[in-house]
Amino acid sequence: MGRDTNRVWDPNSVRHVHPAVWPQWPFDSPPEVRERSEPIYSIFSEFDLMISMRDDVRLAADVHRPRAAGQKFPALISVSPYTKGLQLTEVPIGQNEAGITEFWVARGYAHVIVDCRGSNDSEGSYDDKAEKEQADYVDLIEWCAAQPWCNGSVGMIGCSYFALAQLLAAVHQPEALKAIFPYDAYTDMYRHRSTHGGVPHMGFASTWFSAVAALNLTSGRLGDPSGLRNMFDEGLTFSHPFDGDHYWRRSPSPHLDKVNIPVYFGCDWSFWWLHLAGVFTGWEEVGDVPKRILVGPQPEPRRPFGAYHEETLRWYDHWLKGMDTGVMEGPPIQLYLRGDGHWRGEEEWPLKRTEWTRIFLGGPSGGGEGALSFSAGGGGERTYSPDVFGEDWRLGGPKLVYRSEPVDEPLEITGPLSLHLVARSTAEDVDWFIAFMDEAPDGSARMLTRGWLRASHREVDESRSKPGRPWHPHTRSVPLTPGEEAVFEIELVPTCNVFQPGHRLRIEIASSGSVIERPGYHEALPVKADNTILEGAEGSYLFAPVIPSA
């Protein structure tokens with residue numbers, strides 16, 4: 001099951017009963033499915049329904065259901081501020097994420113697509129995923145379950161915002177919500193979305209706010225734009241630089257132990273800049289419920305969202321229709337091995353057979369290039385000098401580059417990982433930008449994952465930290481003493497890669513990111529400084545999850 005690099009995707013084949021989106025299964029070959037819902041129904045649609053919430057605010061919804069008089073079906077809810085009408089188009093933008101209606105309704109599911117309060121055709125003021133919006137999720141679930149066309153079982157469908165809504169709904173335990181499939185869902189609004197390591201994720205904020213504004217504020221339909229404007233004002237001015245109540249109220253993570261229904265998490269390895277970390281924190285933080293994970297390659301095409309619909313169908317046929325699909329058989333975690341091109345099942349995360357390994361930063365002192373080594377060398381140091389007035393500042397430079405020797409045999413690194421950075425700076429605060437890459441023999445490099453940390457946010461809560469996952473409270477700023485050595489434990493987003501013979505491990509260290517990396521661009525501190533990295537046995541190292549070969 002490899003990527004078809006010669007295929008030209010026809011957008012007219014995505015919104016289809018058989019969506020031409022890859023992948024559809026988290027396996028090298030499709031599994032045997034003993035029972036499945038077949039595409040036998042045509043679609044009956046009701047547009048622009050106004051559904052009353054508990055506070056009498058009405059939400060606009062389009063309901064698409066099988067044309068089968070007198071029959072009852074499960075409902076799948078998709079809710080967001082992304083314009084319900086957009087979700088039925090082939091437009092390949094990042095907000096076309098509710099899932100393929102033509103796939104679901106033909107197979108005996110009602111698809112209910114809703115504009116959340118304060119967006120598009122819905123009433124009220126946008127609540128940015130807080131208490132009122134979460135209460136709306138519960139009310140929508142209850143409304144669907146009570147409809148004469150519904151069998152009383154409700155799920156939810158869609159990725160990103162639509163997936164986040166699934167987790168936020170589940171923590172309230174609505175009785176009719178029987179299972180969810182949150183694909184692409186961060187769980188910690190502060191750490192996964194708004195900031196990374198205390199560094200404002202402004203590339204995402206500006207890109208996402210622009211998209212939401214275009215979808216909501218240009219048509220003249222929205223009755224009350226105040227909630228959206230407040231979100232834009234707070235987000236673009238970075239009004240909440242520390243973790244706290246503002247983020248906790250909008251994050252599933254503090255409440256995931258309340259989830260009491262089956263959950264299937266999913267994401268792709270390239271989504272390290274937003275959703276990937278949520279898959280693994282979600283897996284660890286939900287309670288003792290049936291749960292599964294898939295983490296795969298980047299879907300093609302990525303939008304409209306149609307990836308893994310076949311696997312999702314197995315999930316919902318099992319939990320909403322009681323069919324014998326086999327979805328709970330086999331290992332609960334399916335990982336796509338980058339660099340190898342195959343799927344592998346696992347029983348736990350992190351993997352129990354992990355060999356936690358220190359890979360040291362070193363090499364001859366001086367210059368901008370050093371070495372990565374599995375054995376510590378002598379203690380040297382290396383300095384780079386970011387200058388906000390320099391030509392390369394806004395392109396992510398200058399940076400230090402560390403490379404290993406080419407590996408002789410396949411080397412797998414799978415799991416959480418961190419950089420133990422020992423450094424000093426002439427500034428009172430500085431940002432650390434870390435890139436971890438797979439460098440091919442021809443010198444080209446493939447990004448695997450990143451990590452970030454604002455130096456003044458370096459405090460670590462050891463009681464909440466785990467191997468490869470230092471926990472930073474992010475509740476206050478502690479300036480550096482210029483010129484004084486300090487230790488920075490920098491978490492990188494989990495990754496999975498097999499370095500093939502002849503390839504090198506590569507780490508890059510900088511104090512800014514490139515403006516062309518949107519939406520992954522970060523607002524770095526505009527300081528001119530000399531930053532010195534200490535190397536060798538007492539210096540800096542990558543703490544990596546090496547997986548022994550079978």
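Given the structure is predicted, the values throughout are model-derived calculations rather than measurements.
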Would you call [X] and [Y] a salt bridge, using N to O less than 4.0 angstrom?
{"X": "Asp184", "Y": "Arg302", "value": "no"}
{"X": "Asp317", "Y": "Arg107", "value": "no"}
{"X": "Glu310", "Y": "Arg36", "value": "yes"}
{"X": "Arg54", "Y": "Glu142", "value": "no"}
{"X": "Glu133", "Y": "Arg250", "value": "no"}

Keeping [X] on the side-chain end and [Y] on the backbone end, is there a donor-acceptor pair under 3.5 Å?
{"X": "Trp315", "Y": "Ile180", "answer": "yes"}
{"X": "Lys72", "Y": "Pro148", "answer": "yes"}
{"X": "Thr449", "Y": "Val493", "answer": "yes"}
{"X": "Asn96", "Y": "Val91", "answer": "yes"}
{"X": "His522", "Y": "Ala524", "answer": "no"}
{"X": "Asp115", "Y": "Leu59", "answer": "no"}
{"X": "Arg458", "Y": "Val478", "answer": "yes"}
{"X": "Asp127", "Y": "Arg117", "answer": "no"}
{"X": "Glu459", "Y": "Pro473", "answer": "no"}

Aromatic contact between [X] and [Y], with the criterion being ring centroids under 6.0 Å apart: yes or no?
{"X": "Phe271", "Y": "Trp269", "result": "no"}
{"X": "Trp104", "Y": "His309", "result": "yes"}
{"X": "Phe265", "Y": "Trp283", "result": "no"}
{"X": "Phe162", "Y": "Phe305", "result": "no"}
{"X": "Tyr41", "Y": "Phe73", "result": "yes"}

Does a sphere of radius 6.0 Å around [atom1] in [X] hold more than 12 heavy atoms from other residues, nucleotides or ligands, not counting ones at 6.0 Å or beyond?
{"X": "Glu175", "atom1": "CD", "answer": "no"}
{"X": "Asp288", "atom1": "CG", "answer": "no"}
{"X": "Lys178", "atom1": "NZ", "answer": "yes"}

Taking all non-hydrogen atoms of both residues into account, name the closest pair between [X] and [Y] and its distance.
{"X": "Arg454", "Y": "Asp431", "value": "NE-OD1, 2.7 Å"}
{"X": "Arg476", "Y": "Phe242", "value": "C-CE2, 3.4 Å"}
{"X": "Ala110", "Y": "Trp149", "value": "CB-CZ3, 3.5 Å"}

**OP:** Take Asp62 and Leu49, measure what side chain to side chain contact (heavy atoms under 4.5 Å, CB included) needs, and give me the verdict at the end.
**Re:** CA-CA 6 Å; Asp62 293 342; Leu49 297 180; over 6 Å; no
Original post:
Are His64 and Leu88 close enough, and set up right, to give a side chain to side chain contact (heavy atoms under 4.5 Å, CB included), and what steps lead you there?
Top reply: CA-CA 10 Å; His64 312 280; Leu88 292 182; 3.4 Å; yes
Original post:
Would Val154 and Val112 satisfy side chain to side chain contact (heavy atoms under 4.5 Å, CB included), going step by step from the backbone distance to the final call?
Top reply: CA-CA 10 Å; Val154 178; Val112 181; over 6 Å; no
Original post:
So is Lys321 actually on top of Tyr109's ring, under 6.0 Å and inside 45° of the axis?
Top reply: yes
**OP:** Report yes or no: is the cationic atom of Arg314 (NZ for Lys, CZ for Arg) under 6.0 Å from the centre of the six-membered ring of Trp25, at an angle within 45° of the ring normal?
**Re:** no
[X] side chain to [Y] side chain, donor-acceptor N/O pair below 3.5 angstrom:
{"X": "Glu285", "Y": "Ser253", "answer": "yes"}
{"X": "Thr495", "Y": "Arg338", "answer": "yes"}
{"X": "His457", "Y": "His474", "answer": "yes"}

**OP:** Show the numbers, then the answer: is there a side chain to side chain contact (heavy atoms under 4.5 Å, CB included) between Arg58 and Ile51?
**Re:** CA-CA 5 Å; Arg58 298 183 304 163; Ile51 304 173; over 6 Å; no
Subject >> side-chain hydrogen bond (donor to acceptor under 3.5 Å, both in side chains) partners of Glu97, counting only residues at least two apart >> reply: Arg303
